[in-house]
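What you are looking at is a predicted structure, and each value in this text was computed from that prediction instead of being measured. Just so it is clear: chains get the letters A, B, ... in the order the sequence lines come, proteins before strands, and each one is counted from 1.
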There are 2 protein chains.
Amino acid sequence: MHSEVVASRSAEQRDSKESRNGGPQLDAVSLAIVEQLQEDGRRPYAAIGKAVGLSEAAVRQRVQKLLDQGVMQIVAVTDPLTVGFRRQAMLGINVDGDLDPVADALTAMQEVEYIVITAGSFDLMVEVVCEDDDHLLEVINKRIRTLPGVRSTESFVYLKLKKQTYMWGTR
Amino acid sequence: MHSEVVASRSAEQRDSKESRNGGPQLDAVSLAIVEQLQEDGRRPYAAIGKAVGLSEAAVRQRVQKLLDQGVMQIVAVTDPLTVGFRRQAMLGINVDGDLDPVADALTAMQEVEYIVITAGSFDLMVEVVCEDDDHLLEVINKRIRTLPGVRSTESFVYLKLKKQTYMWGTR
DNA sequence: CCCCACCACTGCGAAATCCGCAAGCTACGA
DNA sequence: TCGTAGCTTGCGGATTTCGCAGTGGTGGGG
């Protein structure tokens, strides 16, 4: 029993160091736990334990640690349009010099819910959620385009959200 | 008691019909429930009930309905890089003619986790999650660019995820 | 080599939560 | 007037959560 996913920490742990990108690397068991919670964020610990081959308490500890470390978050996600935010857009941004100051300033804005540094014809791609056109205009024109370092922006206003999934892993 | 969020169904419900965009519109109470679960997807029903002014049973019923209707989902979200998917990209796509066939084909691909129809110099923006460069190349080049109707694509490979939030509402 | 600290896991009992169900109430529309 | 829909209260049993004590393995330090 308890053999479905063998931790085998000694074999898996070859690169357990912090990989340069950010968070710590996950072993096979934590990965399996994340997958379970990607299917259903409210799944009970005992059920997860059964699936990954761990006791209920162990799962609880791991989940708590994953949450504390910020590796994952368990939340409700919706289509913002349904929740009363009627204007949403993706912005492509080009920056002069260091990206970080701009990225940090954007992080501080609550209307900005998603920020990625990219390779390609944009340096940054950010997603903004606004209440209406006026709000969107203000955020883009007054708050983002005026940030020091921002050279140019291009806007893609959302017309319809077609798909939104969180089940990589489940393949 | 039970006065923090007054439902006042008669006043709120002016536009309760299906708005053209998709899901049904939410009243103030369901909105408050969603906000609670955006902060913590595992928050107990009783606590939510206290916060929004509803009984535990009523919250349970509403949450179940919201899940069934697909208005929201309660899931774990992570940075894919942490979970072993080492290549991720945003694609801007331009399409000849009707967008829907292309959007539907993309929806069927499990590597595509996010699809939006946009106004601007792209018709579609999609986010893809892949295991490595080979995988990414195959998805873009062999599976997406060959779809009938796809005129052109532009890729923005992710270098670093800087922010990811799900707490609109909480403002 | 022993000892000890540390960490992750297990097992268990108590408390809290979940869940289904029933009865009663109100608002609303046919 | 009747029926429906949604909420509330109350309840009990099953399940889950949570804290804590105990165990086993691993890696120093003496």
Could you tell me the separation between the [atom1] atom of [X] and the [atom2] atom of [N], rounded to a whole number of Å?
X	N	atom1	atom2	answer
B:I33	D:dC7	CD1	C1'	12 Å
B:K50	D:dT9	NZ	P	12 Å
B:I48	C:dC19	CD1	C1'	15 Å
A:L54	C:dC7	CG	P	18 Å

Which pairs with one or both residues in residues 97-126 of chain B pass ring-ring contact (aromatic ring centres under 6.0 Å, His included), sequence neighbours excluded?
-> A:F156-B:F122
Base versus backbone protein contacts along nucleotides 16-22 of chain D [heavy-atom cut-off under 4.0 Å; B, S, -] = SBBB---
Could you go through the side-chain hydrogen bond (donor to acceptor under 3.5 Å, both in side chains) check for B:E127 and B:Y158 one step at a time?
-> CA-CA 10 Å; B:E127 195 178 58; B:Y158 283 20; 2.4 Å; yes
Can a side chain N or O of A:K65 be found less than 4.0 Å away from OP1 or OP2 on C:dC7?
-> no
Please work out if B:A58 contacts a base, only the sugar-phosphate, or nothing of the nucleic acid, heavy-atom cut-off 4.0 Å.
-> sugar-phosphate
Are A:L37 and A:V59 connected, step by step, through hydrophobic side chains (Ile, Leu, Val, Met, Phe, Trp, Tyr) whose heavy atoms are closer than 4.5 Å?
-> yes
Do the side-chain N and O atoms of A:Q64 and A:D68 include a donor-acceptor pair separated by under 3.5 angstrom?
-> yes
Residue pairs, two or more places apart or on separate chains, that pass salt bridge (charged side-chain N to carboxylate O under 4.0 Å, His left out) and touch residues 112-125 of chain B = none
B:D79 vs A:M72 side-chain heavy atoms within contact, under 4.5 Å | no
